[in-house]
Amino acid sequence: MLVDSHVNLHGDPYADDLDEVLERAKQAGVGAMLTISDKLSSVGAISAISEVHAHIWHTVGAHPHHAKDHGDLTKQTLCDLAKHPKAVGIGECGLDFYYGYSDPEIQEQVFRAHIAAARETGLPLIIHTRDADELMSAVLRDEYQKGAFTPLMHCYTSGMALADLALEQGGYVSFSGILTFKKADNVKEIAQSIPLDRLLIETDCPFLAPMPYRGKRCEPAFVREVCDKLAEIKQVSSDEMAKITTDNFFRLFSKIDRTSLGTSI
């Protein structure tokens, strides 16, 4: 089976056909998925999805694009939201200086609140980082000195040095459909260097549909293409890569009772 470790199921993209999307994922062998919080105002809709689907869990957090709307965010707010039985991660959070939708200072402040919540709850910290390697590395080093937390570098496209830092901190690195793009040689090189026991796969749907679906709305079913490409890069079979990334997911998101999904998982 496959696990899609990063999906965005709430909102308009799937408003009319979410059930059909989930059925296609099931037919493709996707047995579990994690739907991601982009802002705190979305948590209600996100948790409602996870509550009615036994194989879906959710996170709590605010994307750096929305940091400007969460300047007063506290560790305690995130910890309280994380008490939900199906909330298994903190984020997605981080730093994004490519678009500049939020000031860097506010992004860092909000990011540090997420790190504090991850440290307090023991839940994985789902990190979005773009054009911010230097500050991201500095913040991770500084915060780790205050107490351990487990980073997950999602949809990774940054440099090897930052990936190495995440690994040193006991973290994981996740790859999306970008891995299948013809000009993504740097991403493929980094994927080749990540140890097998620290790899995850994702779609980040509805964004970044892999080849041959590029340009279309992405769906969790398409994580199969990500798995196949990663297997090719790591020179293992697709079935083996599916097992590796599934095992890694449940090891990282240890709040999930894997046995609740049955013996096939």
Side-chain angles (χ1 to χ4, degrees), residues 3-11 33-47 49-50 56-71 73-84 86-96 101-102 106-130 132 135-137 139-140 143-144 147-158 162-163 165-166 169-176 198 200-205 207-208 248-249 252-256:
V3 173
D4 191 338
S5 67
H6 198 107
V7 299
N8 302 277
L9 298 180
H10 64 291
M33 59 187 78
L34 183 62
T35 190
I36 303 297
S37 176
D38 58 342
K39 50 191 173 182
L40 296 194
S41 60
S42 300
V43 171
I46 293 166
S47 60
I49 292 171
S50 70
I56 299 177
W57 291 265
H58 73 270
T59 69
V60 297
H63 191 288
H65 288 345
H66 300 294
K68 63 182 181 298
D69 302 317
H70 295 81
L73 182 65
T74 66
K75 172 190 75 173
Q76 193 57 51
T77 296
L78 291 165
C79 289
D80 289 345
L81 290 170
K83 292 177 182 177
H84 189 289
K86 299 205 76 177
V88 300
I90 304 296
E92 121 188 46
C93 58
L95 304 172
D96 188 321
Y101 291 147
S102 293
I106 295 295
Q107 290 190 44
E108 180 181 347
Q109 174 186 324
V110 173
F111 181 40
R112 287 181 184 269
H114 284 81
I115 296 174
R119 185 187 297 115
E120 178 76 16
T121 61
L123 298 178
L125 181 74
I126 298 97
I127 296 175
H128 170 107
T129 181
R130 189 172 186 187
L135 182 57
M136 176 61 69
S137 296
V139 171
L140 290 178
E143 289 290 339
Y144 205 79
F149 55 90
T150 306
L152 167 58
M153 311 305 289
H154 120 84
C155 190
Y156 198 69
T157 59
S158 293
L162 180 56
L165 175 59
Q169 295 181 339
Y172 292 67
V173 182
S174 181
F175 293 95
S176 70
R198 302 294 188 87
L200 292 181
I201 53 175
E202 62 173 277
T203 57
D204 198 14
C205 66
F207 316 107
L208 302 173
N248 291 348
F249 175 84
L252 175 60
F253 292 98
S254 57
K255 183 177 175 180
I256 298 173

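Quick caveat, the model's predicted, so the values are computed rather than measured.
When atom types are taken as modelled, the side chain of Lys39 and the backbone of Ala62 share no donor-acceptor pair closer than 3.5 angstrom. Under the 3.5 Å distance criterion, the side-chain polar atoms of Arg130 are left unmatched by any main-chain donor or acceptor of Leu95. With Ser102 contributing its side chain and Gln107 its backbone, the two residues share no donor-acceptor pair below 3.5 Å.
Ring geometry for His154 versus His6: interplanar angle under 30°, hence parallel rather than tilted (30 to 60°).
The closest side-chain heavy-atom distance from Ile49 to His10 is below 4.5 Å. Two residues are said to be in side-chain contact when any heavy atoms from C-beta on lie closer than 4.5 Å; Tyr156 and Leu162 meet this criterion. Contact check for Ile36 versus Val7: no side-chain heavy atoms found under the 4.5 Å cut-off. Looking at heavy atoms from C-beta onward, Val139 lies in side-chain contact with Leu135 at the 4.5 angstrom threshold. The closest side-chain heavy-atom distance from Tyr172 to Asn248 is below 4.5 Å. Annotation: side chain of Met153 is in contact with side chain of Thr129 (closest heavy-atom distance under 4.5 Å). With a 4.5 Å cut-off on side-chain heavy atoms, Phe111 and Met136 count as touching.
In this model, a donor atom of one side chain and an acceptor atom of the other lie less than 3.5 Å apart for Glu202 and Ser174. For the 3.5 Å distance criterion, the side chains of Asp38 and Asn8 fail to qualify, holding no donor opposite an acceptor. No side-chain N or O of His63 forms a donor-acceptor pair with one of Asp96 less than 3.5 Å apart.
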Checklist line | Ile46 and Leu9: CA distance, side-chain angles, deciding distance, side-chain contact (heavy atoms from CB on, under 4.5 Å) verdict | finding: CA-CA 7 Å; Ile46 293 166; Leu9 298 180; over 6 Å; no

Check: Please walk me through it: do Leu200 and Leu252 pass side-chain contact (heavy atoms from CB on, under 4.5 Å)?
Finding: CA-CA 10 Å; Leu200 292 181; Leu252 175 60; 3.8 Å; yes

Next item on the list: Would you please test Lys75 and His114 for side-chain contact (heavy atoms from CB on, under 4.5 Å) and show each step?
Entry: CA-CA 6 Å; Lys75 172 190 75 173; His114 284 81; over 6 Å; no

Margin query: Pair Phe253, Leu152 - check side-chain contact (heavy atoms from CB on, under 4.5 Å), show working.
Written below: CA-CA 10 Å; Phe253 292 98; Leu152 167 58; 3.9 Å; yes

Next item on the list: Determine, step by step, whether Asp4 and Thr203 satisfy the side chain to side chain donor-acceptor pair (under 3.5 Å) criterion, reporting the C-alpha distance in whole Å, the side-chain angles of both residues, the deciding distance to 0.1 Å, and the verdict.
Entry: CA-CA 7 Å; Asp4 191 338; Thr203 57; 2.6 Å; yes

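Residue Thr35 holds its OG1 atom at 11.0 Å from NZ of Lys86, rounded to the nearest 0.5 Å. Note: Ser5 OG to Asp204 CG = 9.5 Å, rounded to the nearest 0.5 Å. Rounding to the nearest 0.5 Å gives a distance of 5.5 Å between CD1 of Ile115 and CG of Leu140. Here the straight-line distance linking atom CG of Leu34 with atom CD of Glu92 works out to 10.5 Å at 0.5 Å rounding. Between the CD1 atom of Ile106 and the NE2 atom of His70 there is a distance of 12.0 Å, given to the nearest 0.5 Å.
When all heavy atoms of Phe149 and Tyr144 are compared, the pair lying nearest together is O-CE1, 3.3 Å. When all heavy atoms are compared, the tightest approach of Lys255 to Ala82 is NZ-O, 3.0 Å. The minimum heavy-atom distance between Leu40 and Thr77, with the atom names listed, is CD1-CG2, 3.9 Å. Among all heavy-atom pairs drawn from Gly61 and Ser37, the shortest one is O-OG, 2.7 Å. The two atoms that bring Pro64 and His128 nearest to each other are CG-CD2, 3.7 Å, heavy atoms only. A pairwise comparison of heavy atoms in Lys68 and Tyr101 identifies CD-O, 3.3 Å as the closest pair.
Paired with Ile90 under the rule side-chain contact (heavy atoms from CB on, under 4.5 Å), one option of Ile126, Val60, Thr59, Leu81 passes, and it is Val60.
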